[in-house]
Amino acid sequence: MFRIAFLLLTLLVTVSCKNEMRKEFYPNGNLKKLISFKKGQPVDSAMQYFDSGQLEFKEIRNADTIFTFHYLKTGELSAQIKFLNTPKPIEIGWSVFYNKDGSVADSIEHINLKTNSYLNQRIKYNKKNHLIIDSSNFFKFSLKSIQNSDLFDLKINYVPMDKKSDVFMVIGKDIKEDFSNIDNVELDTIFMQNNKITSKAFEKASKVFKGFFYEYRSKEFEANIKDSTKFRIYEKRTFFNELVVAKNP
């Protein structure tokens with residue numbers, strides 16, 4: 001879809017301790033690539049251009065993160081994507097894809113799950129900038145103070161990928177940032193009626209919620225064996241690590 005990894009995989013053999021610039025050109029003489037290297041590895045920034053001279057791709061690196069920006073031939077930003085700057089870069093955070101008019105067409109979240117990139121959430125829009133709920137999968141936490149009360153109004157909403165699934169909220173303590181110990185810690189499970197959880201008796205003005213939303217559905221399908229019923233199981237986990245702070249009503 002995009003040349004996301006062309007710079008991540010490009011190497012230049014060099015023994016110099018100083019940064020070196022690699023340049024590539026089109027047959028028409030226009031600049032094609034401009035990449036900064038140090039000790040054979042891309043560093044700092046890089047650019048790629050269309051043969052017309054328009055910017056096609058820009059990459060900015062720091063010690064921890066790689067930011068990539070993708071452009072149309074007409075100059076508009078078409079996508080921005082983020083990676084962890086590791087030997088094998090891991091896509092993380094929200095990748096945003098744009099329509100030509102600059103409006104958001106699609107947003108996709110990846111998280112670092114046990115040192116792997118995991119597609120976690122998606123929010124998709126049509127050309128009129130209306131949410132396409134059937135193609136979206138995301139969550140929302142909100143916490144509001146209640147007037148003349150020491151309690152708080154907590155709301156948790158989840159939009160499942162499979163709209164017919166049963167949904168559960170699974171939460172726990174001492175969960176690592178990359179969720180690598182999620183299967184080895186004590187977890188509590190709450191069934192989400194209508195994919196929601198609400199409470200007007202929440203006692204804390206702020207709280208970190210860690211865990212995942214779990215979608216489950218068994219799907220019956222035809223079998224060739226006489227008098228036999230077969231089922232397929234659909235499952236999905238959508239992970240969260242959310243600091244929720246109360247807002248005034």
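The structure presented is a predicted model; accordingly, all values stated were derived computationally and were not measured.
- In this structure the side chain of Asn157 never reaches within 4.5 angstrom of the side chain of Phe139, judged on heavy atoms.
- Taking 4.0 Å as the cut-off between side-chain N and carboxylate O, Lys210 and Glu177 count as a salt-bridged pair.
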Please evaluate residues Glu235 and Tyr214 with respect to the criterion side chain to side chain donor-acceptor pair (under 3.5 Å), reporting the C-alpha separation (whole Å), side-chain torsions for both, the decisive distance (0.1 Å), and the verdict. CA-CA 7 Å; Glu235 297 176 291; Tyr214 175 64; 2.4 Å; yes
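- Put simply, the side chain of Phe152 does not reach to within 4.5 Å of the side chain of Lys207, judged on heavy atoms.
- Checked by atom type, the side-chain pair Asn137/Gln121 shows no donor-acceptor distance below 3.5 Å.
- Paired with Ser107 under the rule side chain to side chain contact (heavy atoms under 4.5 Å, CB included), one option of Phe138, Phe97, Trp94 passes, and it is Trp94.
- By the 6.0 Å contact criterion, NZ on Lys176 is open, its count of non-hydrogen atoms from other residues, nucleotides or ligands being 12 or less.
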Walk me through whether Phe141 and Phe209 qualify under ring pair (Phe, Tyr, Trp, His ring centres under 6.0 Å). CA-CA 9 Å; Phe141 290 77; Phe209 291 89; 5.3 Å; yes
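- Judged by distance alone, with hydrogens and angles left aside, the side-chain atoms of Asp162 form a donor-acceptor pair with the main-chain N or O of Lys164 at under 3.5 Å.
- Here the shortest heavy-atom pairing between Thr198 and Lys155 reads CG2-CG, 4.1 Å.
- Looking only at side-chain heavy atoms (C-beta outward), Asp64 and Asn62 come within less than 4.5 Å of each other.
- One hydrophobic cluster, built from ILVMFWY side chains closer than 4.5 Å, cannot hold both Val104 and Ile132; they sit in different ones.
- In this structure, Glu215 does not pair ionically with Arg217, as no charged nitrogen and carboxylate oxygen lie closer than 4.0 Å.
- Scored by the side-chain hydrogen bond (donor to acceptor under 3.5 Å, both in side chains) test, Lys200 finds Asp153 as partners (sequence neighbours excluded).
- Here Asp188 contributes atom CG and Glu186 contributes atom CD; the two are 6.5 Å apart, rounded to the nearest 0.5 Å.
- In this structure the side chain of Asn85 never reaches within 4.5 angstrom of the side chain of Thr65, judged on heavy atoms.
- Using a 4.5 Å heavy-atom threshold, the side chains of Tyr118 and Asn116 count as separate.
- The line from OG of Ser36 to CE of Met47 is 10.5 Å long, rounded to the nearest 0.5 Å.
- Note that CG of Leu119 and NE2 of His110 are 4.0 Å apart. Values are rounded to the nearest 0.5 Å.
- Using modelled atom types, one finds no donor on one side chain facing an acceptor on the other under 3.5 Å when comparing Ser103 with Tyr125.
- Distance alone, capped at 3.5 Å, is enough to place a donor-acceptor pair between the Asp178 side chain and the Ser180 backbone.
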Give the intermediate values and the outcome of side chain to side chain contact (heavy atoms under 4.5 Å, CB included) for residues Glu24 and Arg22. CA-CA 7 Å; Glu24 292 185 21; Arg22 172 179 175 178; 2.4 Å; yes
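- Within a 6.0 Å radius of CG in Asp150, no more than 12 heavy atoms belonging to other residues, nucleotides or ligands are found.
- Residues Ala201 and Leu151 approach most closely at CA-CD1, 3.9 Å, considering heavy atoms.
- Side-chain contact annotation: Ser142 with Lys140, donor-acceptor N/O pair under 3.5 Å absent.
- Using a 4.5 Å cut-off between side-chain heavy atoms of Ile, Leu, Val, Met, Phe, Trp and Tyr, with links allowed through other members, Tyr216 and Tyr158 fall into different hydrophobic clusters.
- Put simply, the side chain of Asn241 reaches to within 4.5 Å of the side chain of Val208, judged on heavy atoms.
- Of all non-hydrogen atoms in Leu31 and Lys33, the two that sit nearest each other are CD1-O, 3.5 Å.
- Note: His70 and Phe57 have perpendicular aromatic rings, judged against thresholds of 30 and 60 degrees for the angle between ring planes.
- In this structure, Lys58 satisfies the cation-pi test against Phe69, with its NZ or CZ atom closer than 6.0 Å to the six-membered ring centre and inside 45 degrees of the ring normal.
- Side chain of Asn99 to backbone of Gly102: no donor-acceptor contact under 3.5 angstrom is found.
- Around atom CG of Asp174, no more than 12 heavy atoms belonging to other residues, nucleotides or ligands sit under 6.0 Å away.
- In Lys236, the NZ atom is crowded: over 12 heavy atoms of neighbouring residues, nucleotides or ligands sit closer than 6.0 Å.
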Give the C-alpha distance, both sets of side-chain angles, the deciding distance and a yes or no for side chain to side chain contact (heavy atoms under 4.5 Å, CB included) between Lys100 and Thr74. CA-CA 9 Å; Lys100 193 171 182 180; Thr74 47; 3.4 Å; yes
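- The shortest distance between side-chain heavy atoms of Ile171 and Leu187 does not fall below 4.5 Å.
- Nearest heavy atom pair, residue Gly93 against residue Lys82, reads CA-CE, 4.3 Å.
- Remark: Ile66 CD1 to Arg61 CZ distance equals 3.5 Å, nearest 0.5 Å.
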Under the criterion salt bridge (Lys or Arg N to Asp or Glu O under 4.0 Å), I'd like the reasoning laid out for Arg237 against Asp183: C-alpha separation, chi angles, the key distance, then a yes or no. CA-CA 12 Å; Arg237 290 180 174 187; Asp183 297 318; 3.3 Å; yes
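- Here Thr115 pairs with nothing under the side-chain hydrogen bond (donor to acceptor under 3.5 Å, both in side chains) rule; sequence neighbours left out.
- The side-chain heavy atoms of Tyr49 and Glu56, taken from C-beta on, include no pair separated by under 4.5 Å.
- In this structure, Asp106 pairs ionically with Arg122, as a charged nitrogen and a carboxylate oxygen lie closer than 4.0 Å.
- Distance alone, capped at 3.5 Å, is enough to place a donor-acceptor pair between the Lys163 side chain and the Pro160 backbone.
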Check the pair Gln54, Ser52 against side chain to side chain donor-acceptor pair (under 3.5 Å), reporting the backbone distance first and the verdict last. CA-CA 6 Å; Gln54 286 280 0; Ser52 61; 6.0 Å; no
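- Using a 4.5 Å cut-off between side-chain heavy atoms of Ile, Leu, Val, Met, Phe, Trp and Tyr, with links allowed through other members, Ile190 and Leu143 fall into the same hydrophobic cluster.
- Residue Gly53 comes nearest to Asn30 through the heavy atom pair N-ND2, 4.2 Å, listed as atom of the first residue, atom of the second, then distance.
- Residues Val159 and Leu131 fall within the same hydrophobic cluster, defined by Ile, Leu, Val, Met, Phe, Trp and Tyr side chains chained together at heavy-atom separations under 4.5 Å.
- The structure places CE of Met161 at 7.5 Å from OG of Ser136, a figure rounded to the nearest 0.5 Å.
- Interatomic distance, Ser95 OG to Ile108 CD1, rounded to the nearest 0.5 Å: 6.5 Å.
- Paired with Ile182 under the rule side chain to side chain contact (heavy atoms under 4.5 Å, CB included), one option of Ile175, Leu113, Val170 passes, and it is Ile175.
- Here the closest non-hydrogen pair linking Leu55 and Phe50 is O-CE1, 3.7 Å.
- The aromatic ring centres of Phe239 and Phe212 sit less than 6.0 Å apart.
- Taking the six-membered ring for Trp and the full ring otherwise, Phe213 and Phe240 have centroids separated by under 6.0 Å.
- Annotation: Lys124, atom NZ; neighbour count of heavy atoms from other residues, nucleotides and ligands within 6.0 Å is above 12.
- Ile197 is connected to Val244 through a chain of hydrophobic side-chain contacts under 4.5 Å among Ile, Leu, Val, Met, Phe, Trp and Tyr, so both are in one cluster.
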